[in-house]
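Atoms considered below: every heavy atom in the structure, side chains included; atoms not considered: hydrogens, waters and symmetry mates. Naming: A, B, ... by sequence-line order, numbering from 1 per chain.
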Amino acid sequence: MEMTMGPGGRPPEGEARGEGKNFIQHLIDADLAAGNYDRVQTRFPPEPNGYLHIGHAKSICLNFGLAVANGGACNLRFDDTNPTKEEQEFVDSIMEDVAWLGFQWDNLHFASDYFGDLYRLAEKLIEIGKAYVCDLSAEEIREYRGTLTEPGRESPYRYRDPEENLDLFRRMKAGEFPDGSRVLRAKIDMASPNLNLRDPVLYRIQKSRHHRTGDDWCIYPMYDYAHPLSDALEGVTHSICTMEFEDHRPLYDWCISSLDMPVKSRQIEFARLNITYTVLSKRKLKLLVEEGHVNGWDDPRLPTLSGIRRRGYPAAAIRAFCESIGVAKANSTVDIAQLEFFVRDHLNYHTPRAMAVMDPLKVTITNYPEGQVEMMQVVNNPENKEAGSRPVPFSRDILIEKSDFMEFPSKKFHRLSPGAEIRLQNAYYIRCEDYRKDENGEVVELFCTYDPKTRGGWSEDGRRVKGTAHWLSAPHAFRGEVRLYDRLFVAENPDETPEGGHFLDGLNPASMEKVAAYLEPSLLEAKVGDAFQFLRQGYFVADRDGQPGRPVFNRIVSLKDSFKKKG
RNA sequence: AGGGGUGUAGCCAAGAGGUAAGGCAACGGUCUUUGGAAUCGUCAUUCGUUGGUUCGAAUCCAGCCACCCCUGCCA
């Protein structure tokens with residue numbers, strides 16, 4: 001850990017070689033060096049039509065990260081140009097999610113704030129003969145557009161003169177025409193091999209109420225028109241988006257140059273995030289929620305930021321993960337194990353330990369005085385001395401995990417078995433002297449003896465013991481619900497469905513298991529959002545479904561287990 | 001088929017004519033009061049492929065192959 005670091009936490013020699021920079025930063029460096037811009041400004045531009053997921057987190061970290069790295073600014077701008085799909089509920093959740101991730105936007109904007117400017121710019125486009133009102137129906141426009149291999153045909157309205165276009169456009173705005181009857185189109189090139197350039201629609205008539213502008217407008221700008229101009233109006237220098245917009249870049253540039261916008265924003269595309277064993281498309285997530293395969297948008301199994309948050313993934317871990325995966329243009333699917341690594345990495349240091357028994361086996365310490373209770377002082381986090389310690393009661397009646405005992409142990413099993421001795425962590429060494437079975441032949445109780453000279457879990461004679469188990473004093477333990485979450489899909493790539501299949505076929509039927517667990521007394525005080533490492537089992541967070549005296553814990557992620565894999 | 005992209009290890013990903021970074025995963029060793037953590041080590045004679053240029057190519061050139069995106073009045 002003690003290596004020389006340069007400013008920014010990177011090895012200085014790496015800094016000198018330009019390592020640690022993604023291709024976008026290289027482009028920014030070149031832009032700055034060439035004098036194309038004298039500052040850097042980015043933006044995160046979600047459409048408020050749904051919940052953010054971890055794919056958005058990559059974009060958020062990228063945009064805000066680039067702004068910080070270059071001493072620039074990053075805005076949060078809602079791309080709310082389609083009133084039929086957008087709602088205030090989503091803008092609220094998006095702001096909450098971005099803030100939770102740990103970023104503060106320099107300015108908050110809405111594309112709808114620019115509707116007036118955008119309208120005036122459209123009139124200008126008409127005046128200079130670069131846009132026209134087209135009366136073709138949606139279906140006709142599609143037919144006229146041509147195909148991938150055949151050029152399109154020009155609209156019969158393409159050469160209307162500017163005065164008529166202006167008049168028509170104003171009347172569109174005034175609400176004189178019904179929805180779908182006319183659109184404003186850019187006059188570019190119907191024969192372009194890039195379909196986005198075949199006179200794209202700039203404005204459509206849509207008489208629906210907008211969540212922010214109400215009924216002020218009945219014409220709304222399209223993304224391809226509103227986005228570049230909003231960027232330019234706002235002063236964005238580098239407009240970062242995902243690969244599917246690469247074909248739109250010529251149109252993006254066309255808008256900015258045709259209107260001679262003072263700021264020449266530059267669009268740069270990168271590949272969106274995919275993760276194994278989950279889906280990251282809005283459509284599929286919506287289906288999972290609406291069909292009830294999960295319980296709402298913040299279901300802890302979902303990759304939504306609200307789901308991840310409830311699951312107990314720390315924001316810092318998400319940021320570290322996004323940093324680690326890099327930024328490139330190649331399609332890729334990151335192994336979910338990489339995400340889980342950063343979650344464990346963060347939680348290991350930041351989370352106090354506690355003891356919980358999921359599947360109890362009764363242990364009676366036969367030589368321990370009946371009625372006696374000792375308070376054992378237990379370290380909260382061996383990784384962090386400042387986390388302190390807590391008292392945990394110990395008594396004659398103990399609970400351990402069933403899986404910590406084997407009647408006929410395998411060679412590598414070094415937990416409890418007849419005659420074997422193990423350590424109860426922070427308490428005593430115990431030896432299994434006998435056990436009792438029920439009528440089904442299942443072991444239901446262990447009779448052990450303890451060594452009074454091993455208090456705290458240390459043996460004075462230097463005698464070593466191979467296994468260490470977690471435990472609970474039966475009379476002091478209380479019950480709580482534990483939800484054992486696992487990956488949502490058993491299919492590694494749920495998006496790649498076999499022919500005739502559906503992505504839902506890949507769902508994991510056991511993605512959540514509810515367990516009535518026994519918990520140590522200190523856990524009674526856990527507040528919603530408090531995270532713990534349940535010793536030897538995994539990381540858990542108190543869920544909002546808990547009741548006073550009856551908490552609910554979500555398993556965030558299990559601990560790595562090299563034993564199971566070998567067995 | 002026309003256009004736009006992308007191919008470096010099981011998964012991400014650096015690399016920019018000088019002899020393949022790093023992380024995840026995996027596998028060994030050490031250590032350990034969590035079968036966790038920590039720690040040490042192993043893991044690409046080769047960069048989709050075939051040719052070419054060069055003293056020298058993952059980097060430059062040409063061809064081929066594979067995959068992704070584009071025919072919303074969605075974003």
Side-chain angles (χ1 to χ4, degrees), chain A residues 14 17-22 26 45-47 49 79-82 84-86 134 136-138 141-143 145-152 179-185 192-198 200-206 220 222-224 226-227 241-250 269 271 273 276 282 321 323-342 344-345 348-349 353 355 379 382-383 412-415 423-427 456-458 465-470 533-538 558-567:
Chain A
R17 272 185 285 140
E19 278 180 13
K21 290 183 175 181
N22 59 52
H26 286 303
E47 180 188 15
N49 70 341
D79 238 332
D80 56 349
T81 57
N82 185 350
T84 64
K85 296 190 172 178
E86 297 145 8
C134 180
L136 255 25
S137 70
I141 286 182
R142 196 185 321 128
E143 286 166 9
R145 186 158 32 227
T147 69
L148 292 177
T149 49
E150 303 154 15
D179 286 12
S181 59
R182 281 175 231 263
V183 291
L184 182 72
R185 290 229 252 170
S192 172
N194 182 343
L195 305 228
N196 295 302
L197 263 20
R198 319 244 262 228
V201 173
L202 265 22
Y203 266 91
R204 76 282 213 183
I205 301 171
Q206 211 155 74
Y220 291 92
M222 299 288 289
Y223 166 87
D224 279 319
H227 203 90
C241 64
T242 43
M243 291 299 286
E244 66 269 27
F245 293 106
E246 200 157 29
D247 287 342
H248 297 237
R249 198 193 326 145
E269 311 83 14
L273 175 66
T276 55
K282 207 168 261 181
F321 167 72
E323 185 68 29
S324 80
I325 57 177
V327 182
K329 292 171 81 97
N331 281 339
S332 64
T333 302
V334 178
D335 192 336
I336 196 168
Q338 188 158 343
L339 209 207
E340 293 174 340
F341 167 82
F342 285 97
R344 290 191 186 100
D345 192 48
N348 179 42
Y349 186 79
R353 284 50 332 184
M355 293 193 283
V379 163
E383 307 298 324
K412 296 231 175 166
F413 186 82
H414 45 253
R415 278 123 67 168
R423 168 170 43 231
L424 257 20
Q425 192 174 44
N426 289 295
W458 296 101
V465 101
K466 271 188 183 169
T468 299
H470 60 279
Q533 182 196 108
F534 287 178
L535 219 63
R536 302 205 297 140
Q537 306 191 89
S558 64
L559 249 33
K560 286 183 67 175
D561 187 349
S562 57
F563 180 64
K564 277 181 193 163
K565 287 173 187 169
K566 285 178 192 169

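- The distance from the CD atom of Q533(A) to the CG atom of L559(A) is 4.5 Å, given to the nearest 0.5 Å.
- Side-chain atoms of E383(A) and base atoms of G36(B) include a donor and an acceptor less than 3.5 Å apart.
- Remark: A20(B) base-pairs with no nucleotide in the shown strands. Criterion, Watson-Crick or G-U wobble with two distances under 3.5 Å.
- Side-chain N/O atoms of R536(A) include one lying less than 4.0 angstrom from OP1 or OP2 on G35(B).
- Between R423(A) and G35(B) there is no side-chain polar atom (N or O) within less than 4.0 angstrom of OP1 or OP2.
- Side-chain nitrogen and oxygen atoms of H26(A) include none within less than 4.0 Å of the OP1 or OP2 phosphate oxygen of A14(B).
- One finds no side-chain N or O of T84(A) lying less than 4.0 angstrom from the OP1 or OP2 phosphate oxygen of C74(B).
- When both distances must be under 3.5 Å, the Watson-Crick or G-U wobble mate of U34(B) does not exist.
- Against the 90° criterion about 0, the sugar-base torsion of G72(B) places it in the syn range.
- Here K21(A) does not reach the OP1 or OP2 of G22(B): none of its side-chain N or O atoms lies under 4.0 Å away.
- When both distances must be under 3.5 Å, the Watson-Crick or G-U wobble mate of C43(B) does not exist.
- Here S181(A) pairs with nothing under the side chain to side chain donor-acceptor pair (under 3.5 Å) rule; sequence neighbours left out.
- Residues passing the side chain to side chain contact (heavy atoms under 4.5 Å, CB included) test with V379(A), sequence neighbours excluded: P382(A).
- Applying the 3.5 Å distance criterion, the base of G36(B) shares no donor-acceptor pair with the side chain of R344(A).
- Base pairing annotation: G2(B) forms a Watson-Crick or G-U wobble pair with C70(B), both donor-acceptor distances under 3.5 Å.
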